[in-house]
Amino acid sequence: MGWPDGVELAEYVRVAEGVGNIDENPYVLGSYGYWVVQDILFDRFMATRPARLEELSRLVAGSGGPVLDGSVESLAELDEWLRGVLRGPFDDGVDWDVVWE
């Protein structure tokens with residue numbers, strides 16, 4: 001069975017494999033093909049999520065940050081640590097705190 005605009009799923013997958021990021025999608029924004037390719041790209045990104053989280057954990061720990069264990073508490077520690085890093089020697093004088101805090 002064909003897709004609504006006549007392009008087979010294999011063609012969307014082929015296009016997604018050649019796309020480096022979501023802005024490179026050759027389909028017109030808002031078209032059926034655009035969203036199919038975005039879904040394929042999102043699924044590809046999510047497949048790497050465990051490896052990216054492990055990499056983040058290693059990088060943060062190696063930089064003197066908190067140990068990330070996947071808990072909400074460790075994310076709060078990461079947030080606090082990052083705020084300290086951003087206010088470190090590279091402080092640009094801008095208050096980056098969100099207004100609802």
Side-chain angles (χ1 to χ4, degrees):
M1 180 176 147
W3 294 84
D5 61 2
V7 178
E8 295 296 323
L9 179 60
E11 173 63 10
Y12 294 127
V13 171
R14 185 193 67 72
V15 168
E17 288 172 350
V19 170
N21 63 58
I22 61 171
D23 296 327
E24 296 175 2
N25 190 339
Y27 291 99
V28 176
L29 178 62
S31 73
Y32 180 79
Y34 179 85
W35 294 112
V36 171
V37 172
Q38 298 312 337
D39 287 344
I40 293 167
L41 293 173
F42 179 75
D43 290 344
R44 185 172 66 186
F45 168 76
M46 290 304 292
T48 67
R49 185 175 183 269
R52 297 304 117 228
L53 290 174
E54 178 61 33
E55 179 182 24
L56 175 64
S57 182
R58 276 194 321 273
L59 291 171
V60 168
S63 299
V67 174
L68 303 178
D69 61 9
S71 69
V72 172
E73 291 79 15
S74 70
L75 290 178
E77 292 172 13
L78 175 64
D79 180 55
E80 184 177 330
W81 178 74
L82 285 172
R83 288 171 187 259
V85 169
L86 291 174
R87 290 193 178 115
F90 304 108
D91 188 2
D92 59 4
V94 175
D95 181 4
W96 293 104
D97 286 336
V98 292
V99 295
W100 54 84
E101 286 191 325

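Annotation: side chain of Val67 is not in contact with side chain of Ser74 (no heavy-atom distance under 4.5 Å).
Rounding to the nearest 0.5 angstrom, the gap separating the CD1 atom in Ile40 from the CZ atom in Arg14 is 11.5 Å. Distance CZ/Arg83 to CG/Leu78: 11.0 Å, rounded to 0.5 Å. Atom CD of Glu77 is separated from atom CG of Leu82 by 12.0 Å, given to the nearest 0.5 angstrom. Distance check, rounded to the nearest 0.5 Å: CZ of Arg58 to CG of Leu68 gives 12.0 Å. To the nearest 0.5 Å, the span separating CD on Glu17 from CG on Leu41 amounts to 10.0 Å. Atom OG1 of Thr48 sits about 11.0 Å away from atom CG of Asp43, to the nearest 0.5 Å.
Closest of all the heavy-atom pairs between Pro66 and Val60 is O-CG1, 3.4 Å.
Here Phe42 is tied into one hydrophobic group with Phe45, Met46, each link being a pair of ILVMFWY side chains closer than 4.5 Å.
Following chains of ILVMFWY side-chain contacts shorter than 4.5 Å, one can reach Trp35 starting from Val37, so the two form part of one hydrophobic cluster. One hydrophobic cluster holds both Val13 and Val36 under the rule that ILVMFWY side chains link at heavy-atom gaps under 4.5 Å.
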Glu55 vs Arg52, salt bridge (charged side-chain N to carboxylate O under 4.0 Å, His left out): CA-CA, chis, key distance, verdict: CA-CA 5 Å; Glu55 179 182 24; Arg52 297 304 117 228; 2.5 Å; yes
